[in-house]
2 protein chains.
Amino acid sequence: MRNIGMVLSYDGTAYCGFQAQPELDTVQGRIERAIYMLTNEQTSIMASGRTDAGVHAYGQVFNFTTASMIPVDRWCLALNSRLPDDIVIREAWEAPQSFHARYSAKRKTYRYSICAERQPDVFRRNYEFHYHRPLDMTAMQEAVRYFVGEHDFTSFVSPKSTKTSNVRTLYTARLDIEPSETGEEGRGRLHLELTGNGFLYNMVRIIAGTLLRVGERKLIPADIPRILEAKSRKAAGPTAVPHGLTLWHVDYNGEEQFHTDNNASK
Amino acid sequence: MRNIGMVLSYDGTAYCGFQAQPELDTVQGRIERAIYMLTNEQTSIMASGRTDAGVHAYGQVFNFTTASMIPVDRWCLALNSRLPDDIVIREAWEAPQSFHARYSAKRKTYRYSICAERQPDVFRRNYEFHYHRPLDMTAMQEAVRYFVGEHDFTSFVSPKSTKTSNVRTLYTARLDIEPSETGEEGRGRLHLELTGNGFLYNMVRIIAGTLLRVGERKLIPADIPRILEAKSRKAAGPTAVPHGLTLWHVDYNGEEQFHTDNNASK
């Protein structure tokens with residue numbers, strides 16, 4: 001059997017999350033159906049991780065085994081023509097037998113986007129959280145630096161999580177500002193970018209919700225270490241809405257470098 | 001009666017065009033219904049022009065008269081809370097009685113976006129035309145210059161048009177290139193931006209379709225003057241799909257300057 005790896009993008013708006021569930025329309029369900037249409041094989045794909053309803057992916061990765069002889073450069077077009085237009089396979093490659101999209105992953109990157117303009121942007125309405133008041137973006141940039149490094153993220157995990165350890169390492173935690181065309185103070189767009197060795201359930205969305213509290217000046221940047229130390233979900237801010245979140249990239253090489261250079265060129 | 005002017009954005013994907021039509025879901029119909037919910041007044045809004053099904057607007061303008069005493073700074077929020085999230089009123093102002101969104105318009109700007117990457121971008125799939133092969137973008141930039149100035153656009157108008165004169169002036173005709181992240185030749189994104197004193201039915205889409213023929217090297221840039229002179233729809237390229245088109249801006253001041261500086265900063 002061949003082991004095929006794939007990178008895909010999806011707009012999560014219309015789906016009940018990534019993971020296949022009986023009777024529900026999911027990204028995994030759509031992909032497995034497209035593979036079945038193409039190969040006549042019933043398969044279970046293995047993704048780098050699941051995403052919740054409304055959450056998007058730019059660079060989700062999955063792998064699956066197949067007896068099909070279809071050449072690797074034909075898979076993208078063959079599957080895309082059998083998928084709805086909100087799911088796009090971007091790359092396919094012949095992976096070694098040892099490759100597993102979840103267990104082989106070294107680092108993941110998530111982006112959370114916030115639009116702090118007076119009116120929402122109709123063209124990005126499903127991909128960013130619209131916050132209608134101005135934000136103290138400089139304080140938010142200062143606050144985000146405290147997340148870099150190894151921490152116990154118990155304050156930043158949903159109580160529904162079943163993980164035994166909440167210790168994770170963030171290599172990069174940055175908040176890029178796209179200034180407003182209006183030039184108005186506190187307006188514009190924010191992109192939170194977090195790269196780490198693993199993410200807990202709702203972790204990025206709770207970090208985003210807590211940074212918004214800093215932007216509202218209900219918290220100060222120096223509150224972040226205190227919230228981390230509290231190891232209590234109640235110490236942190238709310239869970240930001242799912243549609244601002246995108247699984248950006250999964251890295252299988254994994255150089256470990258620590259970054260918090262907001263607005264640095266990538 | 002007050003005369004209120006408004007700027008709005010909409011994602012045209014879900015609508016049967018701008019103009020109200022019985023039994024059909026249109027942008028105008030939605031706005032008039034929202035005004036009715038707010039003021040109890042049956043009104044007909046006057047827009048700068050209609051847009052076809054699937055076409056978007058970033059800065060469409062309309063005006064309407066009302067007896068309502070709602071202060072002008074309340075209108076945006078009041079209407080947006082009564083509109084679906086793919087229609088957003090961005091600005092409202094108290095207009096002089098003489099202001100008419102269509103007859104007072106001096107210049108309009110349209111943008112047509114093309115994505116020439118191997119795979120479509122799921123997040124922009126409804127806002128740009130995905131052309132899957134590489135394009136000769138330099139030739140396209142050279143070709144677009146020939147459209148600047150006063151021309152008889154008979155070759156670039158739908159036979160359905162009912163206008164008596166097809167002479168229009170384009171002040172700006174430019175094609176901006178967003179290079180591909182892959183660095184591959186002929187890949188990336190293109191944004192055609194046209195500013196003129198008026199646009200004929202399907203004119204921007206036929207210009208975009210003709211530029212694509214140049215990008216495919218089925219036409220050369222110097223063919224454009226010949227096609228204009230032919231004054232025949234058959235001489236030009238096909239009508240590009242509606243969803244790449246956005247009504248970008250309507251200008252009511254109207255300084256006349258000619259531009260064709262591709263990729264210049266705006």
Side-chain angles (χ1 to χ4, degrees), chain A residues 6-15 27 30 55-60 73-81 83-92 111 113 115 117-130 132-133 180-182 187 241 243-249 265-266, chain B residues 6-15 27 30 55-60 73-81 83-92 111 113 115 117-130 132-133 180-182 187 241 243-249 265-266:
Chain A
M6 290 189 173
V7 180
L8 83 156
S9 292
Y10 49 86
D11 174 342
T13 309
Y15 299 98
V27 178
R30 291 286 186 144
V55 174
H56 317 287
Y58 172 67
Q60 170 71 289
D73 57 324
R74 299 283 182 81
W75 278 96
C76 283
L77 205 63
L79 284 184
N80 286 337
S81 65
L83 283 166
D85 68 359
D86 50 9
I87 302 176
V88 173
I89 310 288
R90 286 169 45 206
E91 287 172 42
R111 262 166 84 105
S113 296
C115 169
E117 299 288 358
R118 278 174 198 275
Q119 309 299 346
D121 179 334
V122 283
F123 306 113
R124 305 205 212 178
R125 70 190 188 280
N126 294 325
Y127 316 125
E128 63 188 13
F129 170 48
H130 179 238
H132 65 285
R133 286 191 298 261
S180 176
E181 280 182 23
T182 65
R187 297 284 181 191
V241 294
H243 72 262
L245 183 61
T246 303
L247 168 56
W248 200 255
H249 182 70
S265 65
K266 282 179 243 183
Chain B
M6 290 189 172
V7 179
L8 84 155
S9 293
Y10 50 85
D11 175 341
T13 310
Y15 299 98
V27 178
R30 291 286 186 143
V55 174
H56 317 288
Y58 173 66
Q60 170 70 290
D73 58 322
R74 298 284 184 81
W75 277 96
C76 284
L77 205 63
L79 284 185
N80 285 336
S81 66
L83 283 166
D85 69 359
D86 50 9
I87 303 176
V88 172
I89 310 288
R90 287 168 45 204
E91 287 172 42
R111 261 166 84 104
S113 296
C115 170
E117 299 287 0
R118 277 173 196 277
Q119 310 298 345
D121 179 335
V122 283
F123 304 114
R124 306 205 210 177
R125 70 190 186 280
N126 293 324
Y127 317 125
E128 62 187 16
F129 169 48
H130 178 241
H132 65 286
R133 286 191 297 260
S180 175
E181 280 182 23
T182 65
R187 297 285 182 190
V241 294
H243 72 261
L245 183 62
T246 303
L247 168 57
W248 200 256
H249 182 69
S265 63
K266 284 178 247 189

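Keep in mind that what you see is a predicted model, and the values were worked out from it rather than measured. These values consider heavy atoms only, across backbone and side chains, with no hydrogens, waters or symmetry-generated copies. To find a chain, count down the sequence lines: A is the first, B the second, and so on, and within it residues start at 1.
- Contacts between B:Ile87 and chain A at a heavy-atom distance below 4.5 Å involve the backbone alone (N, CA, C, O).
- In this structure, the portion of B:Asn80 lying under 4.5 Å from any heavy atom of chain A is its side chain and not its backbone.
- Shown here is B:Arg118, whose CZ atom has no more than 12 heavy atoms of other residues, nucleotides or ligands within 6.0 Å.
- Contact of the B:His56 side chain with the A:Val122 side chain is not registered, since no non-hydrogen atoms from C-beta on lie closer than 4.5 Å.
- Annotation: the span from A:Arg90 atom CZ to B:Asp121 atom CG amounts to 9.0 Å, rounded to 0.5 Å.
- Closest approach of A:Val88 and B:Gln119 over heavy atoms only: CG1-CB, 3.8 Å.
- Residue B:Tyr58 touches chain A through both its backbone and its side chain, counting heavy-atom pairs closer than 4.5 Å.
- With a threshold of 4.5 angstrom between heavy atoms, B:Phe123 approaches chain A through its backbone and through its side chain.
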What verdict does the side-chain contact (heavy atoms from CB on, under 4.5 Å) test give for A:Asp11 and B:Arg125, after you've listed the backbone C-alpha separation in whole Å, the side-chain angles of each residue and the deciding distance to 0.1 Å? CA-CA 10 Å; A:Asp11 174 342; B:Arg125 70 190 186 280; 3.1 Å; yes
